[in-house]
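The figures here come from the full heavy-atom set of this structure, side chains too, leaving out hydrogens, waters and symmetry mates. Remember, it's 1-based here, ligands and their atoms both numbered in the order they're listed.
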Amino acid sequence: MRDETKCLHAGYTPKNGEPRVLPIVQSTTYVYDSAAEVAAIFDDPTKGLCYSRFGNPTVMAVEEKIAALEGGVGAMCTTSGQAATLLSILNICEAGDSIISVPQIYGGTINLFSFTLKKLGIECIYVDAASSDEEIKAAFKPNTKLVFGETLANPALVVFDIERFANIAHEMNVPLIVDNTFATPILCKPFEFGADIVVHSTSKYMDGHAVQIGGVIVDSGKFDWTNGKFPGLTEPDESYHGISYTESYGNMAYIIKARMQLMRDFGVYPAAHSAFLLNMGLETLPVRMKQYCENAMTVAKYLEASPAVEKVNYPGLESDVCHALAEKYLKGCSGVISFIIKGGRPAAAKFMDSLHLASNEVHVADIRTCVLHPASETHRQLTDEQLVAAGIDGGMIRISVGLENIDDIIEDLEAAFAAVMKEF
Ligand SMILES: *Cc1c(COP(=O)(O)O)cnc(C)c1O
């Protein structure tokens, strides 16, 4: 099946007389004829459902669909993108370990890496994406367990050189985890370029309609966890009667461990109803992504030509520093553009307040056009130094181009620029 078909049919195939649409299984628990059957599931949770903190048929259908779209062996949904990123790391790291990340990542991820993981005893070493291979390798410590990057960085719109970082990570015997939120598997499949694990905030394009927060971890099944660096996957797990994940589950070890151990203990599994809504978003994802990319390209070109704009970041533009990387990795650059307005912070505020159609909201990848000021909103907690490293300027505005008629979107921008020009 191709992507469009997978979006409609993967994960759920009704049998004779069953509902056409994925049913919402609104139940916390599952009934068995004997205690022995329940015991068997406790021994091996892949053998059946026992409790909806570990799995639920509605959620699992969506997990299967997303795994199929990314080309992975399995997936696990979480209650948010943040939970997905956190668990993807805790699944292979513990106190005393370190991770390597580029700084061009989502602001919430920077907080997680710089502050909360640090409190848990996991150090994040940032390496600039422009560093040479040698400089990146020199940043590794013996305790480094993974490399992290974001396909299309929110909000800097920098394209991550997945293949290069995957090669370096593999040379150093660790996996590459990629946050593929903005691209979605429709625009980029990181596994095809060597990434080992993919995480998403499904709250963005996958949901698409701004109706539920969610996340997902997808396992490529390709990384060799038996190289000696990951005892948590190979050695007996005393919290699970001595199971070795790699011995019992082969190339599904990572994703099954995440469910059996981390979901059991952290309990961030989404509700069936949320998964139902996510599934509806996924059904139309390919059609929507195409239109987002087309609308955003028109807006990016319009912004580039505007005298009120200092700089536009949209890798789809030929003038963009990431254009060559975008050509290699992306089938389109999503609906998100960031640009720097002349006049800094005050001009940015005036511009945003003067928009009528585009809404000011803390969201992105909504079906409706929306804007946000990263320096004072999503990236508010960052120091000036971190802002520069994340590629964020005081005059930067992030616009998430929606699916309204493109002429209405442009007219709205035009009126807001006119209001700014009067004052600045
Ligand atoms: C929004 C976002 C997240 C966090 O996801 P939530 O669903 O809001 O928890 C992570 N990564 C990226 C790239 C995002 O845009």
Side-chain angles (χ1 to χ4, degrees), residues 59 62 66 70 75-90 99 101-117 124 129 148-160 162 177-188 190 195 197-218 266 268-271 274-275 277-278 281-282 289 292 296 313 315 329-330 333-338 361-367 370-374 377-382 390-392 396 398-401:
V59 186
V62 178
I66 296 173
E70 286 288 7
M76 181 177 80
C77 283
T78 57
T79 47
S80 68
Q82 284 298 98
T85 306
L86 173 66
L87 296 197
S88 76
I89 287 167
L90 293 186
I99 68 171
S101 176
V102 289
Q104 292 88 357
I105 49 176
Y106 173 64
T109 312
I110 294 181
N111 281 334
L112 171 65
F113 288 0
S114 305
F115 301 103
T116 303
L117 283 189
C124 179
F148 190 94
E150 205 168 296
T151 312
L152 195 49
N154 174 7
L157 276 305
V158 172
V159 181
F160 183 53
I162 301 172
I177 302 183
V178 172
D179 181 337
N180 197 32
T181 298
F182 272 17
T184 80
I186 304 302
L187 302 182
C188 176
I197 306 295
V198 157
V199 294
H200 284 276
S201 163
T202 61
S203 324
K204 312 295 165 54
Y205 286 120
M206 284 189 169
D207 159 70
H209 301 76
V211 291
Q212 31 89 35
I213 302 288
V216 68
I217 305 174
V218 193
F266 289 96
V268 286
Y269 203 62
S274 297
L277 294 171
L278 174 56
L282 288 169
M289 289 316 290
Y292 284 123
N313 300 311
Y329 292 111
L330 297 160
C333 294
S334 87
V336 191
I337 301 168
S338 62
E361 61 182 56
V362 182
H363 198 34
V364 63
D366 189 350
I367 200 159
C370 58
V371 290
L372 176 141
H373 188 235
E377 297 170 11
T378 45
H379 290 64
R380 195 176 180 78
Q381 318 304 341
L382 269 56
I392 294 154
M396 181 189 272
R398 187 186 70 189
I399 175 163
S400 172
V401 181

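- Residues forming a ring pair (Phe, Tyr, Trp, His ring centres under 6.0 Å) with Y292 (at least two apart in sequence, or on another chain): Y205.
- Residues meeting the side-chain hydrogen bond (donor to acceptor under 3.5 Å, both in side chains) test with N180, sequence neighbours left out: E70, T151.
- Within the 4.5 Å cutoff, the side chain of P185 has heavy atoms near those of the H200 side chain.
- Nearest heavy atom pair, residue L152 against residue P315, reads CD1-CG, 3.8 Å.
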Note down each nitrogen or oxygen pair, ligand 1 side and protein side, whose separation is under 3.5 Å; give only atom names and the distance to 0.1 Å.
| residue | atom | partner | partner atom | Å |
| --- | --- | --- | --- | --- |
| ligand 1 | 5 (O) | S201 | OG | 3.0 |
| ligand 1 | 7 (O) | G81 | N | 2.9 |
| ligand 1 | 7 (O) | S201 | OG | 2.8 |
| ligand 1 | 7 (O) | S203 | OG | 2.6 |
| ligand 1 | 9 (O) | G81 | N | 3.0 |
| ligand 1 | 9 (O) | Q82 | N | 2.9 |
| ligand 1 | 11 (N) | D179 | OD2 | 2.6 |
| ligand 1 | 15 (O) | N154 | ND2 | 2.9 |
| ligand 1 | 15 (O) | K204 | NZ | 2.6 |

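- With sequence neighbours left out, the side-chain hydrogen bond (donor to acceptor under 3.5 Å, both in side chains) criterion links T109 to no other residue.
- Annotation: side chain of T79 is not in contact with side chain of I213 (no heavy-atom distance under 4.5 Å).
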